[in-house]
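Values below: all heavy atoms of this structure, side chains included; hydrogens, waters and symmetry mates excluded. All values derive from a computational prediction rather than experimental measurement. Indexing begins at 1, ligand by ligand and atom by atom, following the structure's order.
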Amino acid sequence: MFFPYTSGRKGMLGSEKEVGRVAQTVVVGVTGGIGAYKACELVRLLSRRGFRVKVVMTDAAMRFVTPLTFRTLTGEPVASSLWEEPAYGGVRHVSLAQEADVMVVAPCTANVIAKLAHGRADDMLTTTALAAQAPLVIAPAMNAEMWRKQVTRDNVAALRARGAVIVEPEAGELACGDVGEGRLAPVEDIADAVEAEACRARDLAGVRVLVTAGGTREAIDPVRFIGNRSSGKTGYAIAEEAARRGASVTLVAAPTCLADPYGAEVVRVTSALEMRDAVRAGFDRADLVVMAAAVADFRPEGPAEHKLKKDAGAPALALVRNPDILAELGERKDGRLLVGFAAETRDVLESARAKLEAKHLDLVVANDVGAPGRGFDADINRVTFVTAEGAEELPVLGKDAIARKLLDRIAEMLARRGQR
Ligand code: C5P
């Protein structure tokens with residue numbers, strides 16, 4: 001039997017206190033569909049599997065099942081209104097969101113899927129979901145036509161691209177009398193998905209990760225630089241996801257417009273040489289390095305001390321090679337896991353394989369930055385993971401989802417090495 005645990009973060013529960021283990025918390029969101037009665041079974045199953053379960057319901061859900069049912073099954077108060085007084089201090093939706101190791105919405109109506117996809121937060125359930133950092137599992141249930149509608153497909157795709165796990169509905173007889181796809185998935189499948197996310201939620205606990213992100217800037221003079229189109233989004237997503245999964249994360253960030261990732265220590269740098277210093281400083285303490293930064297290969301030989309005047313004519317820029325930070329790390333990796341990126345406009349896989357070998361890497365994330373609307377500056381990308389064993393091509397995904405898949409792969413590699 002599986003007993004999911006985390007350490008430290010939550011309040012101690014009963015007998016687990018003695019053994020120093022704390023059950024993970026699953027927040028179950030119940031929305032207004034006939035499948036709401038099956039959420040009772042789901043809640044029982046999750047409790048039996050060792051989770052602490054807290055339920056949040058929409059108004060519509062309470063027309064199908066009463067909060068008392070869930071309160072009795074879980075032994076916990078049920079949240080439904082944004083306006084009720086919390087049992088103890090604080091703001092209820094925020095505290096519930098913070099307590100969640102995993103949030104699952106089952107059944108999830110087309111309406112709530114649309115709200116979640118668009119970041120709406122107009123009731124307790126959607127507000128909690130928006131405030132939560134935890135992985136999100138969604139088990140849709142609705143009439144077959146609603147499930148088939150393009151707008152629902154698009155909303156589900158948007159959620160999936162952002163990393164939500166969708167437990168697809170089944171085909172069968174529906175409450176409306178139709179036969180088709182839209183029936184809530186079996187509760188065992190939903191509980192399995194929650195359990196997988198709960199495992200993932202702490203699978204990097206104790207791993208020390210160094211991530212680089214953004215594009216370096218190489219000074220021409222005090223106001224001008226040579227830069228590149230990297231937005232830093234992928235590296236930031238990797239840093240945030242690793243921190244969420246329990247890793248201790250240092251992010252060495254070249255200039256970006258992004259907010260600091262939650263839970264990571266950020267070291268800001270500008271040029272490739274500064275990045276090299278910061279990476280070297282963190283390398284000894286790292287178990288894993290992910291070099292997602294677009295490091296300039298060349299820099300102006302001697303940046304001008306004062307701003308260059310246009311009247312003096314076009315300057316001749318002499319460039320010199322920057323050190324290859326990742327290649328240097330590869331020379332002294334000493335058991336660390338090294339991940340590099342290969343952004344190319346042609347021969348992407350061949351270049352990635354060559355980099356894997358030349359720089360002594362464990363994995364290269366290859367992407368074709370020549371494809372319009374993907375890669376640099378975009379929120380989506382199509383990447384291939386290249387390792388010594390082969391290549392795994394991923395579909396077009398959001399950068400959050402790519403970060404997640406990459407860390408799944410890395411967690412597997414660490415587990416195989418016995419580091420996890
Ligand atoms: O050889 P190439 O520049 O294509 O390799 C890309 C990978 O190497 C990326 O992971 C990038 O972060 C890293 N790199 C580096 N130092 C450089 C250039 C690239 O660490 N000067």
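Ion pairing between a basic and an acidic side chain is recognised when a charged N comes within 4.0 Å of a carboxylate O; R202 and D101 show no such pairing. The pair D123-K115 counts as a salt bridge, with a side-chain nitrogen and a carboxylate oxygen less than 4.0 angstrom apart.
Closest heavy-atom contact between N155 and H118: OD1-NE2, 3.0 Å.
For R353, there are no salt bridge (Lys or Arg N to Asp or Glu O under 4.0 Å) partners two or more places apart in sequence or in a different chain.
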I'd like to know whether V30 forms a side-chain contact (heavy atoms from CB on, under 4.5 Å) with V28, so could you lay out the CA-CA distance, the side-chain angles of the two residues, the decisive distance to 0.1 Å, and finally the verdict.
CA-CA 6 Å; V30 184; V28 178; 4.1 Å; yes

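What sits closest to atom 4 (O) of ligand 1 on the protein, heavy atoms only, is K355 NZ, 2.5 Å. For atom 16 (N) of ligand 1, the closest non-hydrogen atom on the protein side is I325 N, 3.1 Å.
The residue from L326, T212, L361, V339 that puts a heavy atom closest to atom 13 (C) of ligand 1 is L326. The nearest non-hydrogen atom to atom 15 (C) of ligand 1, considering only T216, D324, L273, comes from D324.
Using a 4.0 Å cut-off between heavy atoms, D297 contacts ligand 1 through its side chain alone, with no backbone atom that close. Only backbone heavy atoms of P323 (N, CA, C or O) come within less than 4.0 Å of ligand 1; its side chain stays farther off.
The distance criterion of under 3.5 Å between nitrogen or oxygen atoms is met by F341 with respect to ligand 1. Considering both main-chain and side-chain atoms, N322 never comes within under 3.5 Å of ligand 1 through any nitrogen or oxygen pair. Between A293 and ligand 1, a contact under 3.5 Å exists for at least one N or O pair.
For the side-chain contact (heavy atoms from CB on, under 4.5 Å) with M142, the lone residue among I113, T109, T31, N111 that qualifies is I113.
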